[in-house]
Each structure stands twice: as structure tokens, then as C-alpha cells.
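First the proteins, then the strands, lettered A, B, ... as listed; each starts at 1.
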Protein chains: 2
Amino acid sequence: MKMTPAVEKYVLHWGEMGTRWGTNRTVAQIQALLYLSPEPLRADQIVDLLSVARSNVSTSIRELQSYRLVRMTHVLGDRRDYFESLHDVWELFRVIIEQRKQRELNPTLSMLRDCAAEIDQEKDTDPLTKTRVANMLQFVETTSHWYEEINDIPTSTLTKLMKLGKRITKLVK
Amino acid sequence: MKMTPAVEKYVLHWGEMGTRWGTNRTVAQIQALLYLSPEPLRADQIVDLLSVARSNVSTSIRELQSYRLVRMTHVLGDRRDYFESLHDVWELFRVIIEQRKQRELNPTLSMLRDCAAEIDQEKDTDPLTKTRVANMLQFVETTSHWYEEINDIPTSTLTKLMKLGKRITKLVK
DNA sequence: CTCTTGTTTCAGTTATGACTGAAATTATAG
DNA sequence: CTATAATTTCAGTCATAACTGAAACAAGAG
């Protein structure tokens with residue numbers, strides 16, 4: 001793996017975006033690097049390529065492994081750990097969506113359920129407010145359910161669906 | 001508007017989630033409050049209800065207005081500004097998706113275009129790396145385009161589509 | 001015009017979370 | 001079992017961004 005100007009630009013951008021996507025810079029940079037790298041990389045190589053602390057790489061790789069975005073491999077006769085990223089962009093997407101659902105949707109869903117149950121008991125709450133909570137709950141439930149279903153669809157079908165775009169509406173009629 | 005326990009729980013949760021959704025706590029809390037409120041609220045009412053600084057409310061409302069999530073209204077014979085949120089959850093969703101596209105997808109799209117053009121010139125970059133950049137670019141382009149198309153679909157059609165879930169694949173065949 | 005009421009700006013403070021580097025831990029080879 | 005090499009943990013530092021409150025600014029009423 002060589003840090004050419006284009007690769008560097010990609011990695012740095014991914015790092016900046018990472019903060020908007022719910023992780024930190026280093027995690028996103030490492031993911032980008034491993035995605036682009038033609039061969040698996042060792043932690044110490046990542047340290048050199050990104051100029052970050054060894055410990056930071058260690059923690060970040062753990063996080064990426066926990067997301068199932070990165071896995072460990074080995075080379076015969078070498079006891080050091082090598083790491084590689086998923087390379088299928090659709091798989092990457094799927095995994096990221098799944099993560100987001102768990103961190104952004106699921107907690108809200110359970111809050112809304114509690115809230116909806118609780119608010120019905122409240123006599124001093126405006127009926128409009130009650131329906132608003134109910135509406136939001138229903139929306140998040142629908143979205144959450146939809147996510148799960150989409151996850152099951154194979155990549156090839158998914159690409160076809162997306163290419164259809166809004167022409168999909170014609171099929172529904 | 002009254003701060004009952006259930007409303008408070010909703011607002012606090014929304015605030016916490018806000019940080020994961022790309023804004024800050026106060027912005028998200030105010031949006032939640034206005035969403036739930038049966039009537040439009042004034043800035044000073046929000047200050048009391050949320051116990052935050054007047055200036056913070058002012059800045060946050062500006063942000064919400066710039067996202068088109070909140071709009072200003074007035075009461076006859078009262079020169080103070082009142083604010084109300086969008087109340088249609090699907091509309092809210094649409095606006096938020098649009099914001100996210102602009103902040104998370106568009107910058108990446110232009111970076112990838114630059115990168116893809118630049119990396120072709122590099123003689124010392126592995127072909128595998130080059131195809132990876134190309135694949136990611138294509139993916140982000142497809143997603144971005146899909147977003148735009150989905151935005152045009154009316155709410156009623158969209159709900160029908162989502163309720164179909166993965167049965168949609170049967171239609172495609 | 002000036003008083004009152006409401007709004008915004010901005011410098012300083014505070015809170016949050018990422019990052020470092022030294023020390024502790026784990027694992028393998030001999 | 002000991003020496004060596006690699007990895008992880010964690011306390012402390014640093015960077016970022018939200019929040020406050022005082023002061024400046026607007027706009028309508030009389």
C-alpha cells in the first residue's frame with residue numbers, strides 16, 4: 001500500500017466525514033485505508049501510513065471489527081495480525097445501515113413505546129400532543145420494519161430496485 | 001404547552017439522539033418541543049420549558065428554520081414571534097433526509113469524482129485500488145440519484161411502498 | 001424622538017470525547 | 001521457563017463544539 005496523493009485525499013476526506021457518520025476520524029480513516037489497500041495491512045503499517053498512535057489504531061480496529069466491517073487475516077510463518085476491510089460496497093452499506101438502525105432507531109423506538117403508553121394516562125396532556133406521539137411511534141415502527149426487510153434483499157435485486165428509482169411507483173399501481 | 005413527565009422524556013431523548021443525528025442537543029430538544037406542542041411557542045416560553053439561555057434558543061431556532069423544519073407565525077395584536085414545527089412525520093423525514101444528503105453525500109460525491117480522475121494518472125497505484133475508488137464513486141452516485149427521485153414521490157405512495165417491504169421484489173420480476 | 005420590549009451577536013466558559021504514550025498484559029519461540 | 005515481540009489498557013492531555021450571559025442591536029408604541 002502506497003500513500004499516493006489521491007489515496008491520501010480519499011482517506012482524509014473519509015476521516016472528516018466519519019465524524020458526521022457517527023464514528024471518529026481515526027476509525028473512518030483506517031476503514032478507508034483498508035478498503036483501498038490491495039493487500040491486508042498490519043497495525044504497525046497503519047501507524048506509519050496515518051501517523052497516529054499505535055494504541056489508537058488498536059482501539060479503532062476493535063471498533064471496526066465489532067461493526068463487522070473489518071476482519072483479521074494471517075500470513076503463513078508470520079504471527080502478526082493482518083487486517084482487511086469488506087470490499088463490496090453494497091455489503092459495506094448494509095452493515096452501516098444496520099449499525100445506524102441499532103444506534104439511532106432502536107433506542108428511539110423503545111422510548112416512544114414507553115412514552116406512548118405513559119402519555120395516555122396523563123389527563124393534563126392535550127389530545128393533539130397524544131396523537132403526535134402516536135404518529136411518530138407509528139412512523140419509526142414502519143421505518144424500522146422496512147429496514148429489516150431491505151436487509152434481506154440480495155445485492156443484485158437491490159441494485160435493480162434502486163436503478164428503477166421513482167419508476168417503481170408505476171409498478172405499484 | 002405543559003411539561004408533563006411523558007413530554008419531558010420525549011424531549012430529553014430527542015435531545016440526546018440529536019447529537020447522533022448531526023445536530024446538537026438544544027436544536028433537537030426545541031424541535032421535539034415544537035413538534036409536540038398543540039400551539040406555536042415563543043422563544044421565551046421555550047427558555048422556561050427547557051431551561052436554556054435565551055441566546056441558545058435564538059441560534060437554535062435559526063438553525064431549525066434554515067432546515068425548513070420550523071416556521072414563524074404571529075398572533076393578532078402581538079408583535080412577538082411564535083414558532084411551530086412541521087407536524088407531518090413524513091414531511092419531517094423528507095426534510096431530514098434532504099439535509100443529510102447535502103451534508104453527508106454531496107461532499108463525498110465531489111471528492112470521489114476528483115479522486116477518480118486523479119488516481120487514473122497515478123502510475124504507482126495498484127489497479128485494485130483504482131477499481132475500488134471507481135466502485136465507491138458509482139455506489140455513491142447511484143444512492144444520491146435514488147435519494148433525489150424518492151424525494152419526489154408523494155407521501156401516500158411512499159407509505160404504500162414501505163408497507164410492501166420486501167414483497168416489492170416480486171413486482172420487479 | 002425616545003422608551004420599551006424583544007432579538008442577536010460574540011467572547012469567554014464548560015463539557016465531551018478523541019488521542020497519546022507509558023505501563024501492563026498476552027503470546028510465541030527457543 | 002525465560003526472553004522477545006506484539007498488543008491492549010488507561011490515566012492524562014488536547015481539540016472541538018455547545019452553551020451562557022452581557023452587551024449591542026432592532027423595531028414598534030406612544
Side-chain angles (χ1 to χ4, degrees), chain A residues 11-34 40-67 70-84 99 103-104, chain B residues 11-34 40-67 70-84 99 103-104:
Chain A
V11 169
L12 288 176
H13 177 89
W14 219 252
E16 277 168 36
M17 281 298 154
T19 59
R20 300 191 184 178
W21 297 336
T23 36
N24 64 52
R25 190 152 29 101
T26 311
V27 168
Q29 282 183 355
I30 292 177
Q31 198 284 317
L33 196 63
L34 292 175
L41 297 175
R42 297 190 308 269
D44 64 286
Q45 293 178 300
I46 297 172
V47 167
D48 291 342
L49 287 163
L50 298 182
S51 310
V52 289
R54 185 53 237 270
S55 54
N56 196 4
V57 171
S58 180
T59 319
S60 302
I61 285 178
R62 263 174 158 254
E63 196 171 328
L64 285 166
Q65 283 178 306
S66 82
Y67 297 163
V70 160
R71 63 189 202 88
M72 201 190 290
T73 59
H74 288 98
V75 169
L76 218 74
D78 185 346
R79 61 191 173 93
R80 290 170 299 183
D81 298 338
Y82 285 76
F83 301 94
E84 67 182 1
Q99 295 299 328
R103 284 186 293 171
E104 299 179 4
Chain B
V11 168
L12 288 178
H13 177 90
W14 220 250
E16 276 168 38
M17 282 298 154
T19 59
R20 298 191 186 182
W21 297 337
T23 35
N24 62 53
R25 189 155 27 103
T26 312
V27 168
Q29 282 183 355
I30 292 177
Q31 199 284 317
L33 195 64
L34 291 175
L41 298 176
R42 296 189 309 269
D44 64 284
Q45 293 178 301
I46 297 172
V47 167
D48 291 343
L49 288 163
L50 298 182
S51 309
V52 288
R54 183 54 237 268
S55 54
N56 196 3
V57 171
S58 180
T59 319
S60 301
I61 285 178
R62 263 174 156 253
E63 196 171 327
L64 286 166
Q65 283 178 305
S66 81
Y67 298 162
V70 161
R71 64 189 200 89
M72 200 190 290
T73 58
H74 288 99
V75 170
L76 218 74
D78 186 345
R79 62 191 173 91
R80 291 169 300 183
D81 298 337
Y82 286 75
F83 300 95
E84 67 181 2
Q99 295 299 327
R103 283 185 293 170
E104 299 179 4

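In this structure, B:I46 atom CD1 and D:dC19 atom C1' are separated by 16 Å, rounded to whole Å. We find that CZ of A:R62 is positioned 10 Å from P of D:dC10, with the value rounded to whole Å. In this structure, A:H74 atom NE2 and D:dA5 atom C1' are separated by 14 Å, rounded to whole Å. Summarising the geometry, the separation between CD on B:E16 and C1' on D:dA18 is reported as 15 Å, rounded to the nearest angstrom. When rounded to the nearest whole Å, the span between CG of B:N56 and C1' of C:dT7 equals 14 Å. One interatomic measurement links the two molecules: CG of A:L50 to P of C:dA18, which rounds to 17 Å at whole-angstrom precision. C:dG6 atom P lies 15 Å from atom CE of B:M72, rounded to whole Å. Rounded to an integer number of Å, the gap from A:R79 CZ to D:dT7 C1' is 11 Å.
For A:R80 and C:dA27, the shortest distance from a side-chain N or O to OP1 or OP2 is not below 4.0 Å. An OP1 or OP2 oxygen of C:dT8 is reached within less than 4.0 angstrom by a side-chain nitrogen or oxygen of B:S58. Residue B:N24 places at least one side-chain N or O under 4.0 Å from the OP1 or OP2 atom of D:dC19.
Residue A:R25 is classed as a sugar-phosphate contact, given heavy-atom separations below 4.0 Å to backbone atoms only. Among the protein residues, B:D81 comes within range of the sugar-phosphate backbone only, with heavy atoms under 4.0 Å from sugar or phosphate atoms but none that close to a base.
Comparing A:T59 and B:R54 along DNA chain D, the residue whose closest nucleotide (by nearest heavy atom) sits nearer the 5' end is A:T59. Take the nearest nucleotide of DNA chain C for A:V27 and for B:D44: the residue whose nucleotide is more 5' is B:D44. Comparing A:S55 and A:T23, the nucleotide of DNA chain C nearest to each residue sits closer to the 5' end for A:T23.
Looking at B:E16 and B:R25, no side-chain N of the basic residue comes within less than 4.0 Å of a carboxylate O on the acidic one, giving no salt bridge.
A donor-acceptor contact under 3.5 angstrom links the side chains of B:W14 and B:Q31, judged on distance only.
Counting heavy atoms from C-beta outward, B:E84 and B:L34 have side chains that stay 4.5 Å or more apart.
In this structure, the side chain of A:R20 does not engage the main chain of B:G22 through any donor-acceptor pair within 3.5 Å. Judged purely by atom type and a 3.5 angstrom limit, B:Q45 uses its side chain to pair as donor or acceptor with the backbone of B:R42.
When the nucleotides D:dG28, C:dC19, D:dT7 are ranked by their closest atom to the side chain of A:T26, C:dC19 comes out on top.
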